[in-house]
Amino acid sequence: MIRRPLAAAALALCGFGAAACGGGEAAETGAAPPAASPPATARDTATGTADGTASGSGDASADSAGDSTPAGTADGTADGTGASAPVTRTAAASESAARPLSGKTVVIDPGHNGGNFRHTREINRQVNILTQRKACDTTGTSTNDGYTEAAFTLDVSTRLARLLRDQGATVKLTRADNAGWGPCINQRAAIGNRAHADAAISIHGDGAAPGAHGFHVIMPKKIGGPVDPVVGDSQDLGRKVRDAFHSGTGLPYSTYIGRQALNYRSDLGGLNLSTVPKIFIECGNMRNAGEARKFRDASFRQTIAESLAKGLKAYLTTR
């Protein structure tokens, strides 16, 4: 989740309530500098771009190819000619079936950054998100034993990137490691815009009250700004990701925010400034003991990534 900017001395722990803390760059209660956490595992190696984002190719488009061979008879000959004409799939068709996301671009935004708490001046800088001004970024939350949201989101994001690239998509991440700070929320939106992404997703973990649990998806509202033309597509993306995530992970809908795990907001810069279909997902409550245990499990983080990949594929293959 996104947290309020750091105070000069210390940050209080963020809690998402039904009234408004929450995913993305807006949820704004402070947090104490997070404890060091283990590095994210099973990461996809990313190539840095000039704007500091990680990028992946893996998007070689399969040539479209039809099979012009006449339909064969039961004995394998062409109808009416006696000439042998077996019906075979072309290599291009096989490639297309194996890589259904070829030609699609996805931007993945791992929320926060591991070094944000060391850069209070930089992340407290106010940026314009059209409906208000907000902090450049926030620290995020953590489990009670110190596994940070920043580490969690990067691990899930790199797993997701690998799965999407394997299906042919071009994937860009808004940050490539967990050692720096930022980028600012307006820059995170700009990365998706510059990539002309077919879909963008910002990944978070929430920091609500310990008794709260479940996941929710955040989608944009019309604000008389650049996001307006893609609000409908963003909502379609959000519902498809919601359904795949729920089915794949078994996690329940949020008990404390949104309706049927769907929440609509106009106070998140990553959504307000997006010109491409984009959503946030709060994968669960990192302050809830049961969900914290799941998030610490690498195999469950892989399940999260696979579920998100299915939701993105369901959206992208209908466009």
Side-chain angles (χ1 to χ4, degrees), residues 39-65 91-111 113 150-178 180 183 187-204 233-234 237-238 240-241 244-245 247-249 270 274 276-281 283 298-319:
T41 58
R43 293 184 182 169
D44 205 12
T45 301
T47 303
T49 63
D51 62 5
T53 64
S55 65
S57 53
D59 62 333
S61 299
D63 295 331
S64 58
S94 297
E95 175 74 2
S96 178
R99 296 167 67 81
L101 300 183
S102 291
K104 302 295 186 180
T105 297
V106 179
V107 168
I108 305 173
D109 176 29
N113 204 323
F152 167 75
T153 62
L154 184 61
D155 183 78
V156 170
S157 294
T158 51
R159 291 171 186 271
L160 174 59
R162 182 181 299 112
L163 293 168
L164 296 175
R165 287 170 181 148
D166 285 348
Q167 296 183 70
T170 296
V171 181
K172 296 180 182 294
L173 276 72
T174 60
R175 62 184 176 97
D177 58 46
N178 201 39
Q187 294 169 327
R188 291 173 189 258
I191 290 166
N193 297 346
R194 287 196 298 270
H196 302 288
D198 297 285
I201 182 168
S202 188
I203 297 175
H204 292 267
D233 286 342
S234 297
L237 171 62
K240 285 184 167 60
V241 168
F245 192 90
S247 174
T249 66
S274 182
V276 302
K278 185 173 182 180
I279 62 170
F280 282 52
I281 182 164
C283 296
S299 64
F300 192 77
R301 295 196 299 273
Q302 181 67 19
T303 297
I304 288 176
E306 290 170 358
S307 302
L308 293 174
K310 287 178 182 177
L312 286 161
K313 178 184 176 184
Y315 171 79
L316 292 167
T317 53
T318 62
R319 316 317 287 179

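Note that the numbering runs from 1 along the sequence shown for the chain.
- Checked options V156, V171, T158; the residue passing with I108 is V171 (criterion: side chain to side chain contact (heavy atoms under 4.5 Å, CB included)).
- I201 places a side-chain heavy atom less than 4.5 Å from the side chain of I281.
- Residues passing the side-chain contact (heavy atoms from CB on, under 4.5 Å) test with A195 are T105, V107, K172, sequence neighbours excluded.
- Partners of S299 by side-chain hydrogen bond (donor to acceptor under 3.5 Å, both in side chains), not counting sequence neighbours, listed by chain and number: D297.
- Taking the salt bridge (charged side-chain N to carboxylate O under 4.0 Å, His left out) definition, one finds that K240 meets it with D236, sequence neighbours left out.
- In this structure, a donor-acceptor pair under 3.5 Å is present between the side chains of T153 and R175.
- Listed by chain and number, the residues in a side-chain contact (heavy atoms from CB on, under 4.5 Å) with A305 are R159, L160, L163 (sequence neighbours excluded).
- Judged by distance alone, with hydrogens and angles left aside, the side-chain atoms of T317 form a donor-acceptor pair with the main-chain N or O of K313 at under 3.5 Å.
- One N or O on the side chain of T318 and one on the backbone of Y315 form a donor-acceptor pair closer than 3.5 Å.
- Applying the ring-ring contact (aromatic ring centres under 6.0 Å, His included) test to residues at least two apart or on different chains, the pairs with a partner in residues 150-174 are F152-F295.
- Residues meeting the side-chain contact (heavy atoms from CB on, under 4.5 Å) test with S234, sequence neighbours left out: P220, V230, P277.
- P110 approaches T174 most closely through the heavy-atom pair CD-OG1, 3.3 Å.
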